[in-house]
2 protein chains.
Amino acid sequence: MSLVAETKRALAAALAEDRVRDGASERDLHGEDLSFHAPRRPDLVVYPLSTDEVSRVMAIANEQRMPVTPFGVGTSLEGHVIPSQGGISLDLSRLDRILDVSPGNLRATAQAGVTRLALTRAAGEHGLFFSVDPGADATLGGMAATNAAGTTTVRYGKMRANVLALEAVLADGRVIRTGSRAAKTSAGYDLTGLLVGSEGTLAVITELTVRLHAIQEHAVALRIAFPDVEAACRTAAGIVAAGAGVTRIELLDAWIVSAVNAYAGTSYPEGPCLFVEATGSAQVVTADLELVQEIALTEGATNVTLERDPDARARLWKARHDVAHAAAAMLPGTKERATDVCVPLTELAAAVRFARAGIDRLGLNAGILGHAGDGNVHVSIQVDPGNADEMRRSDELVNAVVDDALARGGTCTGEHGIGRGKIGALERQHGDVIPLMLAIKASFDPNGIMNPGKVLPTAVAPR
Amino acid sequence: MSLVAETKRALAAALAEDRVRDGASERDLHGEDLSFHAPRRPDLVVYPLSTDEVSRVMAIANEQRMPVTPFGVGTSLEGHVIPSQGGISLDLSRLDRILDVSPGNLRATAQAGVTRLALTRAAGEHGLFFSVDPGADATLGGMAATNAAGTTTVRYGKMRANVLALEAVLADGRVIRTGSRAAKTSAGYDLTGLLVGSEGTLAVITELTVRLHAIQEHAVALRIAFPDVEAACRTAAGIVAAGAGVTRIELLDAWIVSAVNAYAGTSYPEGPCLFVEATGSAQVVTADLELVQEIALTEGATNVTLERDPDARARLWKARHDVAHAAAAMLPGTKERATDVCVPLTELAAAVRFARAGIDRLGLNAGILGHAGDGNVHVSIQVDPGNADEMRRSDELVNAVVDDALARGGTCTGEHGIGRGKIGALERQHGDVIPLMLAIKASFDPNGIMNPGKVLPTAVAPR
């Protein structure tokens, strides 16, 4: 009997036959994410219903030296959920129970398969919300694994700042708990922070305790148009440096605004702009937005539009979140390839100028957007993975943008993670500490079965 | 020639003779901290002037299998800087250069021996400050090593939230860099967060890039008196749950207030109280403090005093920071032994009630104070380390308070770290992950020379 058939039989005996699948369509669905990375099917798709079942799956996989790639809802942007070496796709979407919402502690505990919007709906009954917003309705487990961020990070931080405790299953099936339910802890090494952002290469996250935040009384958004993208960047940097308590500062360049207008039917002025949101009491919002306007006008803003009406605000943020769809709609048949470098704010304008010059020089179809308040820049390139020349030019642009960010004291990835596509970039950025990362990997996963081919250049090879 | 003499000669050749010392007074000064832990002299005290010199010291120590205990200014509260197994005390206080203050990025980069007040003075020229305030004027390196927190953590987070990048020297002398100067990164495992809080057991931190924050326009403090300590705790929990943006929420019980009055000459009402501070624009401060008062009065507060005058505020926070001196002054010849458990806010009142009952039952001299907005409780016991019966009773109280906190979903240490005194507590709290911590330790420091006897129960034995 083949290894796969043997593993399938052992898993079916340990779980239930109908939750261990090897049908073609199911394997296809678990062989890709939202990125341009080439799909690759897993051999098996397994649907555990509990931590205990995850533990049994891992023990069997470890025994068989079968790779395991955790899967949430497949919204990863760097190939994390693609089983690079086949094996098991561990679909955690049925671990979908919210175990506790504690308004008195501003906390919730949920299983890894709960999505962020499901948690925010449950928290909303108590006047609270879950703050990390990457756009997609990703699972909390997936968001923790990739240390996700998004539009509200400038105010509330990314996943690592919002995860207090984890339950996770190690490669050999052992169940561990890290962190505590208290607001802070200094009890030994920070394994919670280590697992957050480890992209499924160290352990399978099965349960999380996360921070919740109070829903603010008022929210007002501004659309600010600029004569050039550098002025928009300088404004974003100035807003943060001035300490204005804004919730979002999003940059869109002219290319992106055109795509949005075509896709969403909006008629925003087709030039570089910032979408800024402030939340809080009416007085706080007014004071913050006055400061924002003052900074923007000093930098030469040509138009400032207040979006006070909830529908107009919703339209604005939907347009922002739909940018990937809008860009894809401009060039049917293409896939998005996005950089997510992050630079110090004082370097943002120069980094964006460098990226735009590269796009134009290489003749690529690409727009620039970003979480400007964090210095996080997405060059969103529409590529046809079948076009070798275009792929080569996009490689060249991505590498140049990464090297430029590193030279400015930044990072190759502000939020998408290393995954499959940035291992070379990680070597350029952190070559000196990769031996330490590999040693940590080996101590958590000595047989190298956890999401092999991701994050690290030469992780222990499975089988 | 003895190992110590041989090491001394090698170090003197690598650095300079007058920066490798073995005089009795110098060794005494590096053999204790502010805690009750028994002193132990190092064999040598070494004063490097640069990262390169730290690297040379480590290479020699590693070669000789000589333990190395990093030392800042000796304000540790859990014996971290006491060289439990002798060897080298690595005094980093001469690495005291502030390398960069960047107002546009709200960042500074400084060497490990810079103290927090020195940094805040430099940042103040730009309208900025460094937010982590444990009371003592500790070094940034020491504060990062212990993941320090303090009175302002409820608003600005502890060290881990404020350190963006590190330079550190490994046990074998290799110099590494973690993190980046950007606001966020997802580039591989979070080694920055792992080194923060590792208490000198993984690497020697030599340089840090930290966040700075804007100095707020207005600051107003409230002193609120309560009929009982539980009402004060419920108020603190209520303030946080309501989302009031306060900067500090400090709890002092009647015992502590009496000690403060006797020491500082103040005449605060001698009952349980909260010291609360709000900062921001005048409107924000007013709105936040109205909410605080409303919650306090609902919980039965008997007196609310506004401290708007900067001198009165300074006196209030000085009184709070001098609590350890005040308590010691009540009982001359004693040393402070402090718990620092941290519990979910909804458990705070019950945890404090439990601690007070234990103090009374065991007949100890102790007060309760804490960073109530974080759920962080200090039972501050004045002990005579020579009194075996009192030490036994204090052991019993500390263990009971820790077990109670763990049963409530909390942690044995919110901010002081494990050090020498809480290894047993760490085993009770995180026994399941101690093998992972030991594996990480072994991969960073295979010869076990880095601050042996701290944090972990059975770290690789040196020599």
Side-chain angles (χ1 to χ4, degrees), chain A residues 102-106 146-147 149 153 158 160-161 176-178 180-191 193-194 197-198 214 237 240-241 243 281 283-284 287 342-346 374-376 409-418 426 429-430 432-433 436-437 439-440 443-444 455, chain B residues 102-106 146-147 149 153 158 160-161 176-178 180-191 193-194 197-198 214 237 240-241 243 281 283-284 287 342-346 374-376 409-418 426 429-430 432-433 436-437 439-440 443-444 455:
Chain A
S102 174
N105 293 309
L106 299 175
T146 54
N147 191 18
T153 301
K158 46 195 302 198
R160 195 171 283 127
I176 61 167
R177 287 191 170 271
T178 71
S180 90
R181 305 221 172 166
K184 61 186 190 185
T185 178
S186 284
Y189 304 157
D190 182 24
L191 298 185
L194 185 64
S198 65
V240 173
S281 67
Q283 297 104 308
V284 166
C342 193
V343 297
L345 282 176
T346 49
D374 304 322
N376 194 187
T411 176
C412 67
T413 170
E415 56 183 16
H416 296 170
I418 298 297
L426 184 72
Q429 183 174 344
H430 285 309
D432 58 336
V433 294
L436 294 170
M437 294 185 188
I440 291 169
S443 60
F444 276 72
V455 183
Chain B
S102 175
N105 293 309
L106 299 175
T146 54
N147 191 16
T153 302
K158 47 195 300 199
R160 195 172 283 126
I176 61 167
R177 288 192 171 270
T178 70
S180 90
R181 305 221 172 166
K184 61 186 190 185
T185 177
S186 283
Y189 304 157
D190 182 24
L191 298 186
L194 186 64
S198 65
V240 173
S281 67
Q283 298 102 308
V284 167
C342 194
V343 297
L345 283 176
T346 49
D374 303 323
N376 194 187
T411 175
C412 67
T413 171
E415 56 183 16
H416 296 170
I418 298 297
L426 184 72
Q429 182 174 344
H430 285 309
D432 58 336
V433 294
L436 294 171
M437 293 185 188
I440 291 168
S443 60
F444 276 72
V455 184

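Chain letters run A, B, ... following the sequence lines, proteins first and then strands; every chain starts at 1.
- The closest side-chain donor-acceptor pair between Thr185(B) and Thr411(A) falls under 3.5 angstrom.
- The choice from Gly414(B), Gly243(B), Gly409(B), Ala241(B) that makes the most heavy-atom pairs within less than 4.5 Å of chain A is Gly414(B).
- Taking chain A as the reference chain and counting heavy-atom pairs below 4.5 Å, the highest number among Ser180(B), Ala183(B), Gly104(B) is found for Ser180(B).
- When each of Leu191(A), Val455(A), Thr153(A) is checked for heavy-atom pairs under 4.5 Å with chain B, Leu191(A) comes out on top.
- Taking CD1 of Ile440(A) as the start and CZ of Phe444(B) as the end, the distance is 4.5 Å to the nearest 0.5 Å.
- Heavy-atom distances place the backbone of Thr146(A), and not its side chain, under 4.5 Å from chain B.
- Rounded to the nearest 0.5 Å, atoms CG (Asp432(A)) and CD1 (Ile176(B)) are 6.5 Å apart.
- Taking chain B as the reference chain and counting heavy-atom pairs below 4.5 Å, the highest number among Gly417(A), Gly410(A), Gly193(A), Ala187(A) is found for Ala187(A).
- The heavy-atom pair separating Asp190(A) from Leu194(B) by the smallest distance is N-CD1, 4.4 Å.
- Heavy-atom distances place both the backbone and the side chain of Pro344(A) under 4.5 Å from chain B.
- Ser186(B) has its side chain within reach of Lys158(A): a pair of non-hydrogen atoms, C-beta onward, lies under 4.5 Å apart.
- With a 4.5 angstrom heavy-atom cutoff, Arg177(B) touches chain A via backbone and side-chain atoms both.
- Among Ala439(A), Cys342(A), Gly375(A), the residue making the largest number of heavy-atom pairs under 4.5 Å with chain B is Cys342(A).
- Of the atoms belonging to Leu436(A), it is side-chain heavy atoms, and not backbone ones, that fall under 4.5 Å from chain B.
- Rounding to the nearest 0.5 Å places CZ of Arg160(A) at 10.0 Å from CZ of Arg160(B).
- Between chain B and the options Asn376(A), Val284(A), Leu345(A), Thr413(A), heavy-atom pairs under 4.5 Å are most frequent for Thr413(A).
- Residue contact with chain B, scored on non-hydrogen atoms closer than 4.5 Å, involves the side chain of Gln429(A) exclusively.
- Interface remark: Val343(A) contributes backbone atoms only to the contact with chain B (heavy atom separation under 4.5 Å).
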